[in-house]
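Here is the structure we will look at.
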Amino acid sequence: MNDLFYKISLLFFAYSFLAWLAETAVATIKEKDFRNRGFVSGPFCFAYGLTAVVLTVFFRELKDNAFFLFLGSMAVSIAIQWSVGKMLERVKQKKWWDYSNKKFNFSGYICLHYSLLWGLLGFLAVRYVNNALLAAYGVLPEYIGRIIVWGLFVIGFVDIAGSFMSLYHLEERLPRLLGWNHRLQGWTYRFAAKISGKIEERIRKSYPATAVSAEADEKGGEIASCNSASCSSARCSLTHIFWLFFIGAFLGDIVETIFCRITEGVWMSRSSLVWGPFSVVWGLAVAFMTALLYKDRDKEEHHLFWVGTFLGGTYEYICSVFTELVFGKIFWDYSHIPFNLGGRINLLFCFFWGIAAVVWMKGMYPKISNFIELIIKKTGKVLTWVLVIFMILDVGVSVMALVRYDTRADGKKAGYAWERAMDEHFGDARMSRIYPNAKSQ
């Protein structure tokens with residue numbers, strides 16, 4: 001497991017660097033002037049590194065199936081590119097890149113010929129390049145390789161922190177919040193302001209679309225700094241996002257339970273957690289989809305449908321692989337349904353994700369958003385924090401119960417206190433009632 005961490009980390013930084021090299025070279029040749037591409041100032045495009053890791057971890061079972069590996073690589077690359085574009089747009093209130101002038105584009109963030117290119121590159125990375133990079137890493141002495149990985153983590157963390165400081169103009173507020181004395185505050189501010197200015201200048205040079213007037217930038221800053229229920233008309237606050245997760249997890253479990261009763265004629269638990277009717281998959285999907293589609297809620301239904309279909313299918317596939325890798329259990333299997341991929345997703349349910357996106361954004365979200373505002377207004381943040389703590393405990397206990405459920409099935413006896421507690425309170429009979437569809441790999 002330890003060795004796997006270092007290998008994954010190496011691939012993350014290697015592909016981040018290679019992507020930066022390619023993006024910078026193309027932009028520099030096109031503009032005839034050096035363009036340091038990427039969100040951070042160092043030679044990394046971390047979104048591409050993340051994409052490569054996702055493809056490596058979650059699509060390894062498609063390695064020998066060239067067609068589906070290509071399609072899967074294209075789908076994940078599109079999903080991450082679109083999601084990152086949407087999140088960066090929330091920062092600057094502007095698009096960082098725009099393909100609106102290209103044929104077969106979607107929202108200006110993705111277009112067909114780049115999507116085909118990402119599919120091909122993902123296929124080559126998983127099929128061939130990963131082995132070459134890991135072989136090169138294996139040549140290094142073990143301690144040298146680990147020093148390099150941790151050094152890259154430190155550099156990446158500092159670089160990301162500096163970029164966020166620049167974008168949110170934290171150079172003046174941060175020293176004051178930390179309680180430093182006035183002289184140290186002044187020195188820190190001047191130093192940080194200089195770095196922040198350099199970073200912002202680089203971003204505006206590399207991504208001209210983010211350059212806005214002072215008035216627009218000030219207005220965008222006001223919107224970005226708004227993080228309360230009263231500002232929900234401007235954006236979704238973190239408090240709103242949590243409530244959307246909580247409500248989505250509850251409603252998702254109820255909908256799935258009723259759906260199983262109608263289609264299979266039985267009442268069965270569809271919960272992801274040991275306490276309460278909550279489906280984490282649906283909760284995360286609702287929170288994530290709302291955050292990304294919030295600005296698109298007034299667009300036509302077919303736009304929301306296809307975004308929901310595509311992102312929902314990709315998300316469900318990744319969730320299926322993730323739960324199997326972590327818990328050693330398969331929680332759903334669609335092998336008996338036509339047009340399925342490895343039993344993890346199928347075309348019909350992908351369309352359900354699309355329909356759910358339309359119903360949620362057009363019909364349910366406005367009403368539920370008002371309901372959330374009313375709750376926050378009546379209870380302040382007390383109820384929110386109570387539920388946050390409860391969900392953290394619920395998720396933590398559920399993870400331990402599932403891990404023990406898997407190791408118990410392998411015949412491993414309880415050796416630690418938490419394992420004995422799980423055996424006492426969450427035995428096989430109870431776990432089989434909570435997770436009736438879970439089966440070992």
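- For Phe349 and Phe352, the gap between ring centers is short of 6.0 Å.
- Salt-bridge formation is not detected for the pair Glu419/Lys413: no Lys NZ or Arg NE/NH1/NH2 atom is positioned less than 4.0 Å from an Asp or Glu carboxylate oxygen.
- Checked against the 6.0 Å centroid criterion, the rings of Tyr405 and Phe426 do not qualify as a close aromatic pair.
- To the nearest 0.5 Å, atoms CZ (Phe278) and CG (Asp253) are separated by 8.5 Å.
- Using the six-membered ring where Trp is involved, Phe246 and Trp243 have ring planes that are perpendicular, over 60° apart on the 30 and 60° scheme.
- A ring-ring contact (aromatic ring centres under 6.0 Å, His included) with Trp353 is found for exactly one of Phe288, Phe305, Trp282, Trp306, namely Trp282.
- Tyr48 has its ring centre less than 6.0 Å from the ring centre of Trp118.
- The closest side-chain heavy-atom distance from Phe322 to Val57 is not below 4.5 Å.
- Separation of atoms OG (Ser398) and CG (Leu273) is listed at 4.0 Å; rounding is to 0.5 Å.
- The side-chain contact (heavy atoms from CB on, under 4.5 Å) test with Val126 singles out one residue from Leu69, Leu121, Leu62, Asn131, and that residue is Leu69.
- In this structure, CG on Leu133 lies 6.5 Å from CG on Leu18, to the nearest 0.5 angstrom.
- Taking the six-membered ring where the residue is Trp, the centroids of Phe5 and Trp150 are separated by under 6.0 Å.
- Taking the six-membered ring where the residue is Trp, the centroids of Phe12 and Phe46 are separated by under 6.0 Å.
- Between Glu424 and Arg420 no salt bridge is recorded (no basic side-chain N to carboxylate O distance below 4.0 Å).
- The existence of a salt bridge linking Glu300 and Lys362 is excluded, since no basic side-chain nitrogen approaches an acidic carboxylate oxygen closer than 4.0 Å.
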